[in-house]
**Student:** 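Below you'll find the structure I mean.
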There are 2 protein chains.
Amino acid sequence: MDPQKRVEEMLYKLKERDFRITPQRLAILKTLAASKGHPSVDDIYQEVKALFPTTSLATVYKTVSLLKELNEVLELGFPDGSNHYDGYNPAPHPHAICIKCKKIMDPELMNIDELSEEMSKKTGYKIFHHRLDFFGLCPACQQKN
Amino acid sequence: MDPQKRVEEMLYKLKERDFRITPQRLAILKTLAASKGHPSVDDIYQEVKALFPTTSLATVYKTVSLLKELNEVLELGFPDGSNHYDGYNPAPHPHAICIKCKKIMDPELMNIDELSEEMSKKTGYKIFHHRLDFFGLCPACQQKN
DNA sequence: AGGATAGATGATAATCATTATTGTTAAATA
DNA sequence: TATTTAACAATAATGATTATCATCTATCCT
């Protein structure tokens with residue numbers, strides 16, 4: 001999807017709920033929409049400062065948190081305690097994560113819905129979303145051994 | 001599996017690597033092996049104090065961390081930042097998590113290995129383990145509405 | 001069994017990502 | 001362009017986890 005389209009989607013969601021569009025927020029939206037590398041809050045902060053230099057870290061936290069509530073950004077907490085964000089594709093999707101270099105890939109994967117269905121049947125839970133990550137070594141790190 | 005068996009398994013792993021068996025560690029092992037409710041470090045700490053009262057929180061952190069490295073306890077970090085542990089079944093397995101009351105179920109689920117295989121083929125990653133959680137409402141919380 | 005020693009412990013200080021606070025600024029609306 | 005009030009920047013507070021270090025003890029050796 002075109003990053004610009006993503007920005008417009010997010011803007012629509014904000015306006016719909018009467019949240020204000022500020023230059024700081026716009027800078028954060030643009031950064032998130034263009035990011036394909038699952039940035040941390042601090043990563044986003046560094047990029048945003050280039051677009052709107054006086055933006056504070058707290059504002060990045062608050063805006064990312066707001067977008068998370070609006071389901072316009074996907075939060076990924078990792079075992080080491082760090083949080084990373086996907087604003088390009090905010091729907092739940094599987095990840096392959098390199099335990100060495102931390103590179104993340106987001107391939108399309110077949111029917112997780114089937115698993116979700118099975119889980120729902122076995123537990124009686126009404127399921128809304130999920131999280132699926134695979135941990136291993138990326139091709140590059142396998143060679144480096 | 002019998003909790004006592006699990007304690008012995010963990011003891012074996014510790015001895016195998018020349019880690020010492022202290023009363024504090026034994027109390028932590030027993031608590032983990034018997035726990036079916038995915039306790040937090042502090043939950044474990046509270047229980048352990050009943051078995052060996054002078055145990056400190058730091059020791060619980062260190063022992064749980066050690067067992068994690070030995071793959072004898074499964075760490076579950078949650079979106080709210082909290083960490084919970086499964087010492088009863090330390091192999092990766094899917095969870096159904098209630099977003100309201102936080103109740104966790106661990107049903108057997110069919111072939112995740114297939115998905116893992118697919119992921120490996122599509123990314124070239126050599127995959128060692130995974131994490132699969134479904135988020136929704138448990139039967140009780142659905143009724144409470 | 002007794003002693004030596006390296007690993008484990010307890011108590012607490014330090015860390016650090018995140019959240020809360022507060023006075024100020026500016027987006028939205030008429 | 002004046003009003004209202006959400007959003008802002010700067011920074012203090014929080015709280016879970018980790019580090020530190022003096023003391024203690026599980027294990028090994030004789």
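Each chain gets a letter, A, B and so on, in the order the sequences are listed, and its residues count up from 1.
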**Student:** Counting only heavy atoms and a strict 4.0 angstrom limit, can you tell me which residues of residues 54-76 of chain A come near DNA chain C?
**Tutor:**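 When residues 54-76 of chain A is checked for heavy atoms under 4.0 Å from DNA chain C, the hits, listed by number, are A:Ala58, A:Tyr61.
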
**Student:** Round to a whole Å and report the spacing from CG of A:Asp80 to C1' of D:dT18.
**Tutor:**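 Going from CG in A:Asp80 over to C1' in D:dT18 covers 14 Å.
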
**Student:** Atom CG of B:Asp18 to atom C1' of D:dT27: distance rounded to whole Å?
**Tutor:**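 Atom CG in B:Asp18 sits about 10 Å away from atom C1' in D:dT27.
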
**Student:** For the side chain of B:Ser35 and the backbone of B:Gly37, is there at least one donor-acceptor N/O pair under 3.5 Å apart?
**Tutor:**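 Such a contact is absent between B:Ser35 side chain and B:Gly37 backbone.
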
**Student:** Under 4.0 Å: is that the gap between some side-chain N or O of B:Thr22 and OP1 or OP2 of C:dT9?
**Tutor:**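 B:Thr22 to C:dT9 OP1/OP2: side-chain N or O found under 4.0 Å.
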
**Student:** Quick check on A:Lys122: does its NZ atom have over 12 non-hydrogen neighbours (other residues, nucleotides or ligands) under 6.0 Å away?
**Tutor:**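 Yes, the 6.0 Å shell around NZ holds more than 12 heavy atoms from other groups.
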
**Student:** Tell me the interatomic distance from B:Tyr45, atom OH, to C:dT12, atom P, rounded to whole angstroms.
**Tutor:**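 After rounding, the gap between these two atoms is 11 Å.
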
**Student:** Would you say A:Asn83 places a side-chain N or O within less than 4.0 Å of OP1 or OP2 belonging to C:dA17?
**Tutor:**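 Answer is no, no contact under 4.0 Å.
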
**Student:** Relative to the ring of A:His95, is the ring of A:His38 parallel (under 30°), tilted (30 to 60°) or perpendicular (over 60°)?
**Tutor:**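 Rings of A:His38 and A:His95: perpendicular, over 60°.
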
**Student:** To the nearest angstrom, how far is B:Lys49 atom NZ from C:dA11 atom C1'?
**Tutor:**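 The answer, rounded to whole Å, is 14 Å.
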
**Student:** Between A:Phe134 and A:Leu109, is the side chain to side chain contact (heavy atoms under 4.5 Å, CB included) condition met? List the steps.
**Tutor:** CA-CA 12 Å; A:Phe134 293 93; A:Leu109 219 58; 4.2 Å; yes

**Student:** Round to a whole Å and report the spacing from CZ of A:Phe52 to P of C:dA27.
**Tutor:**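 One finds 8 Å between P of C:dA27 and CZ of A:Phe52, rounded.
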
**Student:** Flag yes if more than 12 heavy atoms outside B:Tyr12 fall under 6.0 Å of its OH atom; otherwise flag no.
**Tutor:**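 Counting other residues, nucleotides and ligands, OH of B:Tyr12 stays at 12 neighbours or fewer.
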
**Student:** Check residues 44-53 of chain A and write down every donor-acceptor pair under 3.5 Å in which the side-chain atom is one partner and the other belongs to a residue at least two apart or another chain.
**Tutor:**
from: A:Gln46; atom 1: NE2; to: A:Asp42; atom 2: OD2; distance (Å): 3.4

**Student:** What residues in residues 23-30 of chain A put a non-hydrogen atom under 4.0 Å from any atom of DNA chain D?
**Tutor:**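 Within this stretch, A:Gln24, A:Arg25 sit under 4.0 Å of the strand.
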
**Student:** I'd like to know if A:Arg20 reaches the base of D:dA6 with its side chain, counting only an N/O donor and acceptor under 3.5 Å.
**Tutor:**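 In this structure, the two groups form a donor-acceptor pair.
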
**Student:** Would you say that more than 12 heavy atoms from the other residues, nucleotides or ligands in this model lie under 6.0 Å from the CD of B:Glu16, or not?
**Tutor:**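 Buried by this count: over 12 neighbours within 6.0 Å.
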
**Student:** Could you state the interatomic distance from OG1 (A:Thr22) to CD (A:Gln24), rounded to the nearest 0.5 Å?
**Tutor:**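 Going from OG1 on A:Thr22 over to CD on A:Gln24, the span is 4.5 Å.
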
**Student:** Provide, to the nearest angstrom, the distance between the NZ atom belonging to A:Lys15 and the C1' atom belonging to C:dA28.
**Tutor:**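 About 12 Å, once rounded to whole Å.
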
**Student:** Provide, to the nearest angstrom, the distance between the CG atom belonging to A:Leu14 and the C1' atom belonging to C:dA27.
**Tutor:**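 Result: 13 Å.
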
**Student:** Nearest whole Å is fine: how far is D:dA16 C1' from B:His84 NE2?
**Tutor:**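 From B:His84 NE2 to D:dA16 C1': 12 Å.
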
**Student:** Which is more 5' along DNA chain D, the nucleotide nearest B:Phe19 or the one nearest B:Ser82? Just name the residue.
**Tutor:**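 Whichever sits nearer the 5' end wins; that is B:Ser82.
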
**Student:** Can you tell whether the side chains of B:Arg6 and B:Glu9 come within less than 4.0 Å, N to carboxylate O?
**Tutor:**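 Salt bridge flag = yes for B:Glu9 with B:Arg6.
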
